[in-house]
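Counting starts at 1 for both ligands and their atoms, following the listed order. Residues take their numbers from the sequence shown, with the count starting at 1.
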Amino acid sequence: MIRVRFAPSPTGYLHIGGLRTALYNFLYAKQNNGKLILRIEDTDRTRLVSGAVKNLISTLEWSGIEFDEGPHKEGKFAPYTQSKRLSIYKEHTNLLISNGNAYPCFYSQERLDTIKEKDIPSDIITKYDRRYRDLKTDEMLERMQEENHVIRLKIPSDGSIKINDQIRGDIDFDLSLIQDQIIIKSDGYPTYHLASVVDDHLMEISHVIRGVEWIPSLPKHSLLYQAFGWELPKFIHLPLLLNEDKSKLSKRQGDVAVEDYINSGYLKDALMNFVALLGWHGSDDKEFYSIDELLDNFSIDRVRSSGAVFNVQKLKWFNQYYIKNTTNPILLNLSKKYLPDDWDVTESMINLVKDSIETLSDIKSKLSIFFLYSTDINKNTIDQFFNDKIFTLLNEFIIEIDTKKSITSDDFKFIINTIKSNHSISSNVWKAIRITLTGNEIGPDLAKTVEILGPAKCINRIKLFLSDHAN
Ligand code: GLU
């Protein structure tokens, strides 16, 4: 049975790289009739952020990634939150101490800091002198009662270890570069290494799919599995996400929180499609994938090892594509949170602007022509586009539509062209009409805009405009 997990630390938001990890795990589980587990890794008490887990779960729910087990679900391996599993880690640590694979270390933090500063030339890896590694059992137990301590895993001081990553093949690690790893901190909480290995084993995880930044932890994890006498799961490390300048994707250069993308109005399908391609592509040049198509096409074999550039322009391009291909009622619904409550937005308004927006948050400014109007237009523009003939045309247009309840875009073009020819107006009048009706020089299709505004609003606006500018 394939069992995979997404194991975020609740740092306050879901990182875009985390969303990719969750997605690849989800696809892999679903393709193999396996199970996807959500596990909250909250053992770093210094980094706790209140509300983070709730936020994480709701963002994952938004993404459509479904978990089979997790803190928000039932499951036979519960609890799925590490801070609720402390007794399990303690029990396992005792096992390691009694089988001679782990030991308490009584160095104070000051002593460790001194070792770091004094003894070690900066060009070689920081290592401490393993003084407490071979204490006699009696002394060890007695001091454990009385002194502050951490628990360390014994790492062989030389030799190497080979571990397989399914994307990169076998990787060799030089053990002399690794210090005796802390597995229980002085606050009694396990470190990530211990907790994740114990949980991956107890939760029967078959494949560990996670970011490449965890490769350096592999030898520690592998030695922990050995110390417990457990079988290793398969490891798959996903490529690093990079900024455009090839540095590691960072908050400094743009948004990394999935919530920020949701809030700016990226559609779920666009974001998921984009994220799926951060490190994976299909066998052809296909770019657009629905979740169902990803389920058919995704394969771990085609995940590459080199970094994947996060190109926000490409994300915008995906978003535009998905917006264009979303039906008007759905788009109207999704847009509501970006629009003032008292704007009575219709599907035809959405239809008119949907091709010109990159994100849903653009929609408010695009639709403002229907709800906000001002005749405050600079004099140069008036001089450039308006003259007496245009004012005559506008007045006649009012007369023509005065008794109408509605006006189609074809009616509008016909009426204007008729007035033009009656008065032998050969100049381009459309820009002037647009400015009169919307207060803007640019905007969506004018005839359709007029159709949506309707005769009454058009007349009101023209009258206001003429009273301010035609004198
Ligand atoms: N808690 C780790 C993180 O937030 C998970 C690493 C792993 O998947 O093993 O990245």
Any Lys/Arg nitrogen of Lys73 or Asp68 sitting under 4.0 Å from an Asp/Glu carboxylate oxygen of the other? no

Between Asp180 and Lys154, is the closest basic N to carboxylate O distance under 4.0 Å? no

Atoms of ligand 1 less than 4.0 Å from Glu41 heavy atoms? 1 (N), 2 (C), 5 (C)

Between Phe6 and ligand 1, find which residue part has any heavy-atom pair under 4.0 Å and reply side chain, backbone, both or neither. neither

Among non-hydrogen protein atoms, atom 7 (C) of ligand 1 lies closest to Tyr192 OH, 3.3 Å

Please determine whether a side-chain nitrogen of the Lys or Arg among Glu287 and Lys314 lies less than 4.0 Å from a carboxylate oxygen of the Asp or Glu. yes

Considering only heavy atoms of Arg5, which atoms of ligand 1 have at least one such atom less than 4.0 Å away? 7 (C), 8 (O), 9 (O)

Does an N or O from Ser196, backbone or side chain, lie closer than 3.5 Å to an N or O of ligand 1? no

For residues Ser9 and Glu41, is any side-chain donor paired with an opposing acceptor at under 3.5 Å? no

Are any of the side-chain nitrogens in Asp165 or Lys234 under 4.0 Å away from the carboxylate oxygens of its partner? no

With a 4.0 Å cut-off on heavy atoms, is Ala7 in contact with ligand 1? yes

